[in-house]
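Accompanying notes for the structure given below.
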Amino acid sequence: MAELVQVIVDVPTMQTNRPYTYRVPEHLERQVQPGMRVMVPFGRGSREVQGFVVAVDQPGEFDGDLKDLAGVMDLSPVLNDELLKLAGWLADQTYAFKITAFYTMLPSLLKAQTTRLVRLVDEVDEVDEQTRLALFADQDELDLAKVQTDPLALSQLMRLRRAGKVVIDYRVHDRARAKQITTITPTLSFDDYEGERLGVLKNAHAQRNLLDYLQSLAGKTVPLKQAQEESGLSAATFTTGAKRGWLKKGQAEVYRDPSGALPTSPTAPLTLNQEQAQAVKRINQATDQRTAETFLLQGVTGSGKTEVYLRAIERALANGRSALMLVPEISLTPQIVSRVRGRFGKQVAVLHSGLSNGERYDEWRRIKRGEAKVVVGARSAVFAPLDNVGLIIMDEEHESSYKQDDAPRYHARDVAKWRAAYHHAPLVLGSATPSLESRARAATGLYHRLTLLHRVNQRPLPPIQVVDMKREVQARGETNYSLPLLNLLTDRLNKGQQSILMLNRRGFSSFVMCRDCGYVPKCPNCDISLTLHMDSRSLKCHYCGHEERIPNTCPNCQGHRIRYYGTGTEKAVAELQTYLPTARIIRMDVDTTRRKGMHEKLLTKFGNHEADILLGTQMIAKGLDFPGVTLVGVLNADTGLDLPDFRSSERTFDLLAQVAGRAGRADEAGQVVIQTFNPDNYVIQLARAHDYERFFVQEMNLRKLGAYPPYYYTVRVMGSHPDEQMAARVMQAVRQELVGQLDSQTIILGPTPRAIARLKNRYYYQIVIKYRHDPALHARLTAIMEGAQQQFDRETQVMIDPDPQYFL
DNA sequence: AGCACGCCGACT
DNA sequence: GTCGGCGTGCTC
């Protein structure tokens, strides 16, 4: 019988980042288990918070007065033993709070909402009637959150509270609800319905039809909605039926169905070529033998990696185990989902960002109950509550979206490795352009490398033509389109074939600049240039959301020549339309796809050949498969090449390889055009040659010279404060705590102000640490996180980002 | 996070 | 003299 429990409470601060001990009242003794959510009183007053039970019946060190658990929120644990352990590891590795780790692993509905209600105590006569009316109107309770923004009301309430005239109640409410639907069940026998029919008036058609319908059900319970559709009768008719005792209404719990009515016709496995068969064989061996081996499946675009995944999943299932397949959000398209569903049917659960909170919760429950054995999802799906995992797949493993860029700053690849080791399951990392880290590990034998060099359709990779834009611009003036590209576009248009054009906007966006004095409007809070949004005719800050009107005159020199800079897709489309007046062009960028579902809608439209050219940003590069596309153009390949980021070459190479793979997926041969101002750059040249391996070798040399990953590991320590001096001082102190304490090969860079030094009125300074092997570092950094609050004032924030994707 | 405690300025 | 500002410490 549990008498004591250890609870991690939902108060995300360093000081409370440890278990608190609670007594278990008798009536809860039988219920409470580790991994369950509970409600506990915390702090003075009547405050109640949600928490997670991490241990039962282990007496804590605390010897003060214990409080009682207020309630248990779950019937069975939401976190099993594996996930509890994983959360501990995750928090430790990413320097995050334990509570943050728990919530990251669970659907958001399991985070209870707390409301604070202000209630008047009985003797109101003492309270000024005017005040009472102003604040409470005729209610006796008031949601504090609604008043929070009104400083006057807030201070009045606080005064009343001090005087004991009002109290604040805390209510924790669980938002996790199973969806309920109404059902109907016939209550009479076939013959009895015949009897009822005699008692119904001849012209009561609806009722007669209802009797017919109920008869046809033969006692079966059906959802009311379905009954209405099948019978064509109204809800009111069924209500009348219930009153007459012909049927019974009931409630049933259902899963919200995120797949919609998507027909998933079963698809047969494709025939494997020899390379694929070899890869499948090796992976399946590991699955059978339960070895937690990591494979790097390196296959050119179109080499049939997905089929390898599906075969490997099949084997895991055949062994009675489950499988997890991670894909980047952007390639979690209906195409890939229907392919997995087609093979494994209802055993598949899909987790993607398009799900509502309720749908996500339901998919999570299906997985947890063991009804779904295959999970396909983006980054956070790596925490799917699967039991007995037999295989983990991570497609496009080089994608930077696998790294979460707020706390906990985990990389899904590391979590996948942890879980694979826990379950003794193989992990398959798939990519055409692996991350240098993974490719290097395959080179040392840490990962087992599997290669797919041939495309399944036997077609060669499309030829890539590199066009020097310096010459084009010299000859024809400022333009986004070279003659070779225009000629090919015209040719495709004449043949009725489709083209895709990509505008590389990495590290680059359109902004407004004064042509007289060079003034660029900046965000008053964040010190970064405001981006131009033509749809709302405004300037917006991408970081804090600040918005202002486009100025007519320059605020700096009062000049009138304030113009737009940078090439947006909008401008690129307009220019293209002047060259090709008859072409039907679809523009795809953040602006045209902001509304939910627009992304798919535009792609479907293009897929149906309702347009000739798809012009968009990076988002068009991934995972699209349009057989009709025979020309792919990259308008500005080098944007992003010169960013002060050691990974910019790698990302550019990946991007070019990705888009090149979009051409000629089907029968027609494809052609790729890359426009660039740096035609001789090695990234461009090796992308043109489709030569990842040489790129790998060359880039590794540069990384070695610069002491960058994968030769060195990196950690970024960021400190922020509303006062710039303080931010700098904090990071200076952090540096002092590290200097002399670390390995002799470890390099400490900074502190330096971050590229975006001010965000939301806070100043940021950072230190980057590069190290090869430094056993003392982790403990040092943990100590810095723990000490930061005590050492500095409350406004100080210290964040640690292990293995950052960007240093900017 | 949210609350109490405690120590300094402008009001009855 | 007190009311109330926000810096600091603590929450089983």
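Protein chains get the first letters and strands the later ones, always in sequence-line order, with residue 1 at the start of each.
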For DNA chain C, determine which residues of residues 34-42 of chain A have any heavy atom closer than 4.0 angstrom to one of its atoms, and list them numerically. A:P41, A:F42
How is A:D10 classified with respect to the nucleic acid when contacts are heavy atoms under 4.0 Å: base, sugar-phosphate, or nothing? nothing
How is A:R794 classified with respect to the nucleic acid when contacts are heavy atoms under 4.0 Å: base, sugar-phosphate, or nothing? base
Residues in salt bridge (charged side-chain N to carboxylate O under 4.0 Å, His left out) with A:E48, at least two apart? none
Listed by chain and number, what are the salt bridge (charged side-chain N to carboxylate O under 4.0 Å, His left out) partners of A:D793, not counting sequence neighbours? none
Hey, can you pull the donor-acceptor pairs under 3.5 Å for the side chains in residues 91-98 of chain A, sequence neighbours left out?
| unit_1 | atom_1 | unit_2 | atom_2 | d |
| --- | --- | --- | --- | --- |
| A:D92 | OD1 | A:H778 | NE2 | 3.1 |
| A:D92 | OD2 | A:H778 | NE2 | 3.2 |
| A:T94 | OG1 | A:L90 | O | 2.7 |
| A:Y95 | OH | A:H778 | ND1 | 3.0 |

Cation over ring face, A:R413 and A:Y402, 6.0 Å, 45°: no
In whole angstrom, give the distance that lies between atom CD of A:E48 and atom C1' of B:dG2. 15 Å
Using whole Å, report how far CG of A:L117 lies from P of B:dG2. 14 Å
Who are the side chain to side chain donor-acceptor pair (under 3.5 Å) partners of A:R729, not counting sequence neighbours? none
So is the aromatic ring of A:Y20 stacked onto the base of C:dC12, judging by whether the centres are under 5.5 Å apart and the planes are under 30° apart? no
The complete set of salt bridge (Lys or Arg N to Asp or Glu O under 4.0 Å) pairs with one or both residues in residues 13-24 of chain A, sequence neighbours excluded, reads A:R23-A:D68
